[in-house]
Amino acid sequence: MILIFGGTTEGRTAVKVLDEAGSLYYYSTRGNAQQIECKHGTRVAGGMDHDAMMEFCSTHDIRLIIDAAHPFASLLHTTVAAVSEQQDLPVIRLERRYPPRDESLVWCDTFDDAIDYLESHEIRDLLALSGVQTITKLQRYWEKHPCHFRVLDRDDSREIARRAGFPAENLLFWQEGQDELTLFRQLRPGAILTKESGESGYYEEKITAARQLGIPVIVIRRPPLPDSFYVVNGEHGLRYRVERLLPGFYPLRSGFTTGSCATAATRAALEGLLSRIPQHSATITLPDGETVTLPVSSCVLTKDSCTCGVTKDAGDDPDVTNGYTIFSTVSLADIPGVRFLPGEGVGTVTLPGIGIPVGDPAINPTPRRMITGEIERLLHTHGTLSGVSVRISVPGGSELAQKTFNPKLGITGGISIIGTSGIVRPFSSEAFVNSIRKEIQVARALGCTELVINSGAKSENYLRSRFPHLPPQAFVHYGNYIGDTLRLAEEEGIAHLTMGIMIGKAVKLAEGHLDTHSRNVIMNRDFIATLARESHCSPESVARISGITLARELWELFADTPAFFALLVDRCLAVCRPLLPHTSLDIMLVPEHSQR
């Protein structure tokens with residue numbers, strides 16, 4: 001069982017991520033003010049001291065704690081660390097994302113330090129944006145000087161201020177969408193005090209507005225976290241860490257793409273080259289801004305280069321590259337910029353249309369941006385203006401490529417370094433749908449305005465005999481993702497589609513199911529019977545529908561009633577056409593004999 005300490009935006013994120021597992025957990029907040037729905041979680045209200053937390057964890061068989069509380073909840077962090085050590089419980093800290101610290105601001109470790117600065121610089125008329133709980137921490141200042149506090153518009157906020165003796169007329173109430181610049185102009189404070197609250201606390205908006213008006217900003221640094229916590233700052237990292245620390249909580253494990261592995265290997269290699277220190281892990285930024293840390297399996301330094309390897313962990317996704325090591329060899333160059341060099345097991349692009357220059361290594365655009373971003377950040381940190389050459393290699397990649405779409409995409413000699421999110425979701429459609437998009441883009445780049453989409457290799461063989469004038473790239477597999485394929489063809493500007501479809505998928509599509517995977521929908525005999533009656537099939541044939549086990553039996557059952565198959569195709573067209581406002585569509589039933 002998992003115990004979350006929340007009450008924050010991060011707490012909501014933790015609930016969202018854990019609810020995806022369908023397993024039970026607890027969600028604890030100090031009060032009841034936060035409105036949140038936990039589909040599989042039990043709410044627990046009321047603060048826990050050390051003894052209460054110890055008892056709760058023992059009584060409810062807590063095996064993992066997620067600390068998603070406010071970054072300034074120091075007492076809670078300390079209590080969680082003590083309980084976790086005594087009960088040998090791992091702790092994941094779901095942290096906020098913070099911008100780099102701007103040294104032009106005034107940074108203080110404590111509120112007493114801030115008061116000392118204010119008084120030594122004779123600053124009056126303070127606007128405190130640090131929260132109602134800090135009224136008492138600044139009491140030594142506001143008892144002597146004018147001060148406004150902005151707080152949440154709640155009765156408990158007013159009560160805290162009243163008990164402290166803070167003037168009610170100096171309370172300002174926060175409102176959703178409030179413009180910081182307008183407020184600051186109205187008050188014209190001598191300084192603004194805030195906490196390092198990160199993206200969730202509108203930190204940057206406060207700083208930007210104050211800077212425009214030339215108002216000094218004092219920032220209280222966030223307190224350090226216990227060293228024993230596993231720190232993550234987003235949904236992917238949280239799920240990945242839960243999966244590894246509490247196996248079985250999620251039915252399937254997630255993983256990282258080859259693009260993320262190549263990025264981590266490159267970052268580690270460049271860090272090793274610049275620092276001359278072998279690297280054992282690498283922290284990278286995913287496309288959504290979240291940072292994750294991947295282990296580095298090997299690091300070899302030479303005089304002029306560094307090679308690091310990251311072993312692909314695809315979780316429970318059936319990925320052909322799972323367990324293979326992605327290597328990156330990095331060297332400095334005199335010419336500025338990042339240059340990608342060919343590497344063993346990574347394919348070469350031979351056809352246009354996938355967003356990579358012909359002749360370049362098959363490293364897709366998103367991984368290229370990720371790798372380039374990490375290189376630029378490291379060069380900036382180390383203060384060097386050198387260019388960087390990157391050689392990504394995957395031993396065994398040439399053999400693996402035969403199990404992928406690469407030969408059809410015109411990528412020869414190896415696999416592609418891919419990934420749009422950086423994360424592999426177990427058994428997700430993301431990789432397959434991305435491959436469909438690439439196939440369509442290649443076909444379009446070759447001048448194809450007509451595509452024949454089909455469910456797989458066997459049906460494609462039949463369809464190629466019907467469309468001998470089309471090149472191989474005009475035949476695109478949709479698998480079960482009919483709706484995604486239609487949308488992509490529309491987005492890519494394909495003028496005409498022919499869909500070859502087997503009868504089993506056709507009866508699912510005709511009923512309105514654009515994803516025909518058996519995990520989502522099964523053959524509906526009642527629906528088939530309705531079609532048969534509308535097609536004026538004999539009552540005897542309609543009665544036999546209840547006894548069929550395979551959709552292919554419909555070919556024989558209605559062999560003398562072609563109206564059934566015509567109506568089936570018409571219903572499929574009716575389901576598909578709303579997705580294709582600018583693309584024409586024909587549907588062809590692939591006969592059962594072609595599948596033998």
Side-chain angles (χ1 to χ4, degrees), residues 10 13-14 16-18 20-21 64 66-68 90-100 198-200 225 227-247 249-250 252-272 279-297 299 308-317 319 321-328 363-364 366-378 381 392 417-426 428 430-431:
E10 291 69 39
T13 299
K16 175 179 178 292
V17 172
L18 263 61
E20 293 173 354
L64 172 67
I66 297 176
D67 181 351
V91 179
I92 302 173
R93 168 61 183 170
L94 181 53
E95 186 66 297
R96 297 180 177 181
R97 300 178 196 175
Y98 298 93
E199 293 179 2
S200 301
L225 293 166
D227 293 335
S228 59
F229 287 8
Y230 295 93
V231 180
V232 300
N233 66 358
E235 297 180 15
H236 302 310
L238 176 60
R239 172 167 176 159
Y240 183 83
R241 188 60 70 181
V242 170
E243 290 167 350
R244 273 66 186 173
L245 292 175
L246 197 62
F249 185 82
Y250 287 91
L252 296 171
R253 297 178 308 123
S254 61
F256 293 105
T257 62
T258 50
S260 289
C261 295
T263 302
T266 301
R267 177 166 183 111
L270 183 56
E271 183 66 60
Q279 303 296 299
H280 303 289
S281 65
T283 299
I284 63 171
T285 302
L286 299 178
D288 69 350
E290 178 181 349
T291 58
V292 293
T293 301
L294 277 66
V296 174
S297 55
C299 185
C308 287
V310 173
T311 301
K312 169 73 174 287
D313 177 4
D316 289 320
D317 193 76
D319 191 303
T321 58
N322 188 46
Y324 281 74
T325 300
I326 317 297
F327 291 94
S328 179
I363 303 171
N364 280 14
T366 297
R368 285 177 181 243
R369 287 192 293 271
M370 292 171 66
I371 290 169
T372 301
E374 296 300 334
I375 289 173
E376 290 174 348
R377 280 188 283 272
L378 269 178
T381 300
I392 305 297
I417 303 301
I418 63 173
T420 55
S421 67
I423 297 295
V424 175
R425 296 172 180 84
S428 75
E430 181 182 18

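The model shown is predicted, which means the values in this text are computed figures rather than measured ones.
Summarising the geometry, atom CD belonging to E235 is positioned 7.5 Å from atom CD belonging to E290; distances are rounded to the nearest 0.5 Å. Here the OG1 atom belonging to T257 is positioned 7.5 Å from the CD1 atom belonging to I418, to the nearest 0.5 angstrom.
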**Request:** Report the C-alpha distance between T266 and M370 in whole Å, list the side-chain angles of each, state the deciding distance to 0.1 Å, and finish with yes or no for side-chain contact (heavy atoms from CB on, under 4.5 Å).
**Result:** CA-CA 10 Å; T266 301; M370 292 171 66; over 6 Å; no
**Request:** Could you go through the side-chain contact (heavy atoms from CB on, under 4.5 Å) check for D313 and N322 one step at a time?
**Result:** CA-CA 6 Å; D313 177 4; N322 188 46; 4.2 Å; yes
**Request:** Start with the C-alpha distance between E243 and R239, add both sets of side-chain angles, then the distance that settles salt bridge (charged side-chain N to carboxylate O under 4.0 Å, His left out), and finish with yes or no.
**Result:** CA-CA 6 Å; E243 290 167 350; R239 172 167 176 159; 2.5 Å; yes
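Considering every non-hydrogen atom in both T283 and R267, the closest pair reads O-CD, 3.1 Å. Scanning both residues, T285 and E374, for their nearest heavy atoms gives N-OE2, 2.7 Å. Of all heavy-atom pairs between Y250 and V17, the closest is OH-O, 2.7 Å.
Because its NZ or CZ atom is both nearer than 6.0 Å to the ring centre of Y240 and within 45° of the ring axis, R244 counts as a cation-pi partner of that residue.
Under a 3.5 Å cut-off, the side chain of R368 and the backbone N or O of I363 do form a donor-acceptor pair. The backbone N or O of R97 sits nowhere less than 3.5 Å from a side-chain atom of N233 that would complete a donor-acceptor pair.
Residue pairs that meet the salt bridge (Lys or Arg N to Asp or Glu O under 4.0 Å) test with at least one member in residues 279-289, sequence neighbours left out, do not exist here.
Residues Y324 and T258 fail the side-chain proximity criterion, which asks for heavy atoms closer than 4.5 Å. V242 places a side-chain heavy atom less than 4.5 Å from the side chain of I66. Residues S328 and C308 form no side-chain contact, since every pair of their non-hydrogen atoms from C-beta on lies 4.5 Å or further apart. Side-chain atoms of I92 and F229, non-hydrogen and from C-beta on, never get closer than 4.5 Å to each other. Counting heavy atoms from C-beta on, the side chains of V292 and S260 never come closer than 4.5 Å. Between I417 and N364 there is no side-chain heavy-atom pair separated by less than 4.5 Å.
Using modelled atom types and a 3.5 Å distance limit, the side chains of R369 and T372 yield no donor-acceptor pair.
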